[in-house]
Amino acid sequence: MEYEVVIGLEVHVQLRTASKIFCRCANRFGAEPNALVCAVCLGYPGTLPTLNREAVDQALRLAVALGCEIPSRSVFARKNYFYADLPKGYQISQFDQPLALRGRLALHDAGVEVPIARMHLEEDAGKLLHEAPGGGVLRGSSLVDHNRCGVPLVEIVTDPALRSAAQAQEYLQVLHQVLRYTDTSDANMEEGSLRCDANVSLRRPGAARLGTKVEVKNLNSFRNVARAIEHETHRQALVLDSGAEVQQETRSFDAASGTTRTLRGKEEAHDYRYFPEPDLPPLLVDEDRVRRLRGELPELPWTRWTRFAEQYGLREDLARQLCAQREVADYFEAVVAEGAATGAAGGAWAQNAANWTMTEVLKELNARGEGIESAVEPTRLAALLGMVARAELSQAAAKEVLAAIWGSEEEPSAATRRLGLGQVQDADRLEEWIAEVLAANPGPVEQLAAGEQKVAGFLVGQVMKLSQGRADPKLTRERLLSSVART
Ligand code: ADP
Ligand code: MG
Ligand code: ZN
């Protein structure tokens, strides 16, 4: 039996503020356990929360980027539950009046627009450690780190509108780009600053009602979100095929086996007993504030790659790859601008800059495990590409020069001289190579002499090979043709 898979994602994102959402403790990952705490985020009796304005601004900026509607009034609510990582015994969140509603995110590969149901602001809980710092075994106990208590979070909830694991993965990738472009989160799944739960159900194609959903937690990479959905799809299909019903429950993904297992059933589902937070007034957001934040939005990824394709004449997929990371797109545009400054503007220059950024520069960065901020500066890459454009350096030699100047301050021209990699235009050297190639290839030489022009390419190629790419191809061709004409 074939089923249609229906997926809704709930994504938690830690905002990139300097301090926590309701106190003045630093919002920072990786500090000593319990170093970033105070009476407020530890939930001491008698303390009161004070809302961090910057957290609200960042959440609003994200909401605007996602095309959400922003109600003029939203309300904080207490979400009550008992857990060792939650010192207050409740989480300050939002419930029926969230910060933002009805947004959307376009997925280019899938060709769909994902409706976002809501986005709300809340505080993070602490973190339980089940092994001692450094990896030691804890017997019958766990440790709690409160540094994360009160870190500002937004939760972004989609409609049940995704239809495959691939769509879910693309949604996360594009959302990740938006978070990085708007500078609202590190969005690092490994460090937990982006966390995703997947709700999955199946139904017969064409069925009007949605099937019973299962919520899958503990997904720590984009790939694992897709794996978990694939596994759930398969598991639920077997249940339905057997004539049984899918149980509504929360399951946990086990990355090692690629399977999910029951965490808690419907009966154990939490009843959070939400009620409006008495210690915080409703959050009022006026139109001026939204307008200001909208005006401050940077160019978003989809606008930017569309512009790259048009302005620089790049293929769409290349433009999209360049824009996947804002810093890479910035780097590319800086190389283009350097070219324009030296009069090398034009489609070919931009194309070259794009190719070199996506292949040579990223290859070098990957090999070194570094980010784009460690790359050879755009000025020096542009100087290098200028030498290639003026035929002072072959493509192959330019790659060697790039590797040589990486991590130093050497100019490409100096490195070219130092390494003896420049394009050879010296007549005597060229004639030597040509003579050697002509002597070694009497057959083709005869063909060329008889007027078979296409053999010239082969012979020039042989000279390039002999010279390890350093012979100036244009001069080589001219001299080779006149040599053959003389014989
Ligand atoms: P709950 O009240 O259980 O939290 P919500 O209505 O808040 O459920 O939805 C939570 C998430 O589950 C949303 O992302 C939503 O799109 C998704 N969802 C709801 N129903 C289904 C379903 N039948 N199949 C798949 N996803 C669903
Ligand atoms: Mg929910
Ligand atoms: Zn604090």
Side-chain angles (χ1 to χ4, degrees), residues 3-12 17-28 31 34-44 47-52 55 77 79 81 86-88 92-96 98 101-105 114-120 122-126 145-152 155-165 167-168 171-172 175 195-204 207-217 219 225 228-229 232-233 236 240 245-251 263-266 268-272 274:
Y3 299 99
E4 180 185 47
V5 54
V6 174
I7 304 151
L9 297 181
E10 295 168 286
V11 177
H12 283 93
T17 52
S19 55
K20 294 186 179 181
I21 186 169
F22 299 125
C23 64
R24 304 172 67 152
C25 292
N27 170 18
R28 180 156 52 81
N34 299 306
L36 311 175
V37 295
C38 72
V40 174
C41 55
L42 288 176
Y44 281 26
T47 57
L48 288 172
T50 313
L51 181 59
N52 178 344
K79 179 176 179 178
Y81 63 93
L86 192 71
K88 288 204 294 284
I92 302 182
S93 180
Q94 295 187 308
F95 185 50
D96 51 359
L101 294 161
R102 286 179 289 276
R104 63 195 168 276
L105 194 63
V114 181
I116 291 167
R118 51 181 273 139
M119 187 181 121
H120 68 251
E122 62 187 22
E123 61 179 337
D124 209 342
D145 177 5
H146 293 96
N147 286 348
R148 212 174 67 177
C149 288
V151 166
E155 180 175 345
I156 305 157
V157 183
T158 74
D159 280 343
L162 294 152
R163 289 292 177 269
S164 67
Q167 284 188 9
Y171 171 83
L172 290 172
L175 181 62
R195 311 195 285 269
C196 174
D197 301 335
N199 299 271
V200 185
S201 68
L202 298 188
R203 65 174 170 185
R204 298 261 147 97
R209 287 186 43 212
L210 293 177
T212 303
K213 74 167 180 190
V214 164
E215 182 178 13
V216 187
K217 292 193 171 293
L219 302 167
V225 172
I229 292 169
E232 254 320 285
T233 306
Q236 292 182 25
L240 295 174
E245 285 180 2
V246 171
Q247 296 303 310
Q248 185 177 328
E249 59 182 354
T250 302
R251 297 176 73 91
L263 206 58
R264 53 178 179 262
K266 201 175 175 183
E268 296 107 14
H270 295 143
D271 176 0
Y272 296 117
Y274 280 98

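When a ligand or atom number is given, it counts from 1 through the structure's own listing order.
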Do side-chain atoms of [X] reach the backbone of [Y] as a donor and acceptor pair under 3.5 angstrom?
X      : Y      : value
Arg148 : Ala125 : yes
Gln236 : Val200 : yes
Asn27  : Pro152 : no
Asp145 : Asn34  : yes

All side-chain contact (heavy atoms from CB on, under 4.5 Å) counterparts of [X], not counting sequence neighbours:
X      : answer
Leu105 : Leu66, Ile116, Tyr171, Val174, Leu175, Val178, Trp302
Glu245 : none
Arg102 : Glu69

Ligand-side contact atoms (ligand 1) for residue partner [X], heavy atom cut-off under 4.0 Å:
X      : result
Asp159 : 16 (O)
Gly211 : 23 (N)
Val157 : 13 (C), 14 (O)

* Arg209 and Arg203, any side-chain heavy atoms less than 4.5 Å apart -> no

* Side chain to side chain, Gln247 and Lys266, heavy atoms closer than 4.5 Å -> no

* Proximity winner for atom 4 (O) of ligand 1, if only heavy atoms of Arg203, Glu215, Glu155, Lys213 are counted -> Lys213

* To do: Tell me which one of Ile156, Val6, Thr158 gets a heavy atom nearest to atom 14 (O) of ligand 1.
  => Thr158

* Is there any N or O on Ser201 that sits under 3.5 Å from an N or O of ligand 1? -> yes

* **Protein N, O or S within less than 2.8 Å of the Zn ion (ligand 3), waters excluded** => Cys23 SG, Cys25 SG, Cys38 SG, Cys41 SG

* To do: Determine the interplanar angle of the Phe95 and Tyr274 rings, folded into 0 to 90°, and report it as parallel if under 30°, tilted if 30 to 60°, perpendicular if over 60°.
  => parallel

* Asked: At a non-hydrogen distance cut-off of under 4.0 Å, which region of Glu10 contacts ligand 1 (side chain, backbone, both, or neither)?
  -> side chain

* Asked: Counting only heavy atoms, which portion of Asn199 has something under 4.0 Å from ligand 1: side chain, backbone, both, or neither?
  -> both

